[in-house]
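See structure below.
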Amino acid sequence: MRRPHHFGAGILLAVGALLTTGTQAATAEAQAATPTTVRTLAATATAQQQARDFWTPDRMRTAAPLDLLAPGAAPDVPQRAGKTSTVAPTAPAQRPGAVSAFPQGGGPWSGGGAVLATSGRVFFTHQGRTASCSGNAVTSHNVSTVLTAGHCVKLKGSWHTNWVFVPGYHDGQAPHGTWAAAKTLATNLWAASESINYDVGAAVVAPLNGRKLGEVVGGQGLKFNGGYNRPMYAFGFPAAAPYDGKQLIHCSGNTTKDFLFTTDHAMTCDMTGGSSGGPWFDSFDESTGAGLQASVNSFGYTFLPNKLYGPYFGDEVKSLYEQAQTA
């Protein structure tokens with residue numbers, strides 16, 4: 001099937017379409033020089049229930065993948081160096097599956113394991129329309145933390161509403177329940193200026209039927225400041241053609257560092273809109289479906305088809321995770 005001219009995490013415009021003004025750049029640089037803080041949006045218990053009620057199977061099936069513009073050529077804030085640190089997975093034992101080919105440019109995940117339960121679709125309302133992304137449950141102190149892309153919690157100055165996470169999603173079905181966000185968060189540099197290098201968000205989801213998310217699906221591990229040029233696996237629920245958002249898709253391969261306008265990881269992958277926020281794993285074990293999350297699906301360049309980019313998990317993302325897991 002012929003591929004469309006938009007790849008990665010959304011419908012992308014040519015480089016230069018999204019320019020950072022001098023004022024925004026100066027603001028971002030000033031923020032980078034101060035201790036990292038994280039912006040958040042809280043949801044009341046009433047709003048959480050309204051979100052769960054809002055997302056019927058039909059609405060989930062028809063939610064549009066959220067679009068993200070490609071980054072412009074303006075200078076961005078560099079990543080701050082830090083020591084490599086990891087968090088171990090806490091995913092419960094799952095059905096093992098067949099080993100897939102490596103590298104993989106894009107296709108349904110035929111294996112089993114923990115990733116089938118920890119990964120899922122994210123649904124929300126953005127500027128009056130229903131939209132979708134992807135996300136992943138991770139090990140956390142509160143046993144309730146989901147990581148996704150920054151633009152999947154806040155975009156163009158607006159925090160998304162009716163935000164829910166559906167782990168193990170399949171064609172409108174929610175086998176592990178629909179989990180409403182009690183709080184959504186983003187790195188300070190994404191929330192303040194939508195700096196593409198820091199396109200990472202998180203959600204703390206409320207308990208469901210008296211249980212916490214991690215008690216039901218477990219949580220993947222994490223890796224911060226792990227370096228570049230690593231073999232990784234990417235997962236998501238792309239909903240733009242040729243995909244339809246009905247099932248978990250994956251890519252795998254040896255990653256490189258973006259040589260153009262960001263400090264992101266790059267991977268050969270044909271996932272499309274709706275995959276935004278899906279996890280990238282370092283040290284991924286196909287037999288158990290568990291690994292260390294080291295990035296999320298973020299964007300692609302229109303002139304580099306079948307390439308997907310994900311932000312580096314450095315100190316800023318670690319600070320986001322620390323605030324989310326203790327909320």
- Message: Working note: F224 + Y321, criterion ring pair (Phe, Tyr, Trp, His ring centres under 6.0 Å); need CA distance, chi angles, decisive distance, verdict.
- Response: CA-CA 10 Å; F224 302 103; Y321 165 71; 5.7 Å; yes
Suppose we screen for ring-ring contact (aromatic ring centres under 6.0 Å, His included). Which residues come up paired with [X], at least two apart in sequence or across chains?
X: F281; value: F235, F284
X: H265; value: Y228, Y312
X: F165; value: none

- Closest heavy-atom contact between G106 and I249? C-CG2, 4.5 Å
- Message: So, applying side-chain contact (heavy atoms from CB on, under 4.5 Å) with V146, which one of N136, V153, V205, V204 is it?
- Response: V205
- Do the side chain of K154 and the main chain of A191 share a donor and acceptor less than 3.5 angstrom apart? yes
- Any donor and acceptor pair, going by atom type alone, linking the side chain of Q293 with main-chain N or O of S295 inside 3.5 Å?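 It does hold such a pair.
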- Task: Step by step, work out the ring pair (Phe, Tyr, Trp, His ring centres under 6.0 Å) result for Y233 and F102.
- Result: CA-CA 9 Å; Y233 287 70; F102 184 98; 5.7 Å; yes
Applying salt bridge (charged side-chain N to carboxylate O under 4.0 Å, His left out) as the test, list every pair that has at least one member in [range]; sequence neighbours left out.
range: residues 106-125; result: none
range: residues 219-237; result: K223-D282, R230-D282
range: residues 52-61; result: D58-R61, R61-D171

- Message: Aromatic contact between F123 and Y169, with the criterion being ring centroids under 6.0 Å apart: yes or no?
- Response: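 Yes: the rings meet the under 6.0 Å criterion.
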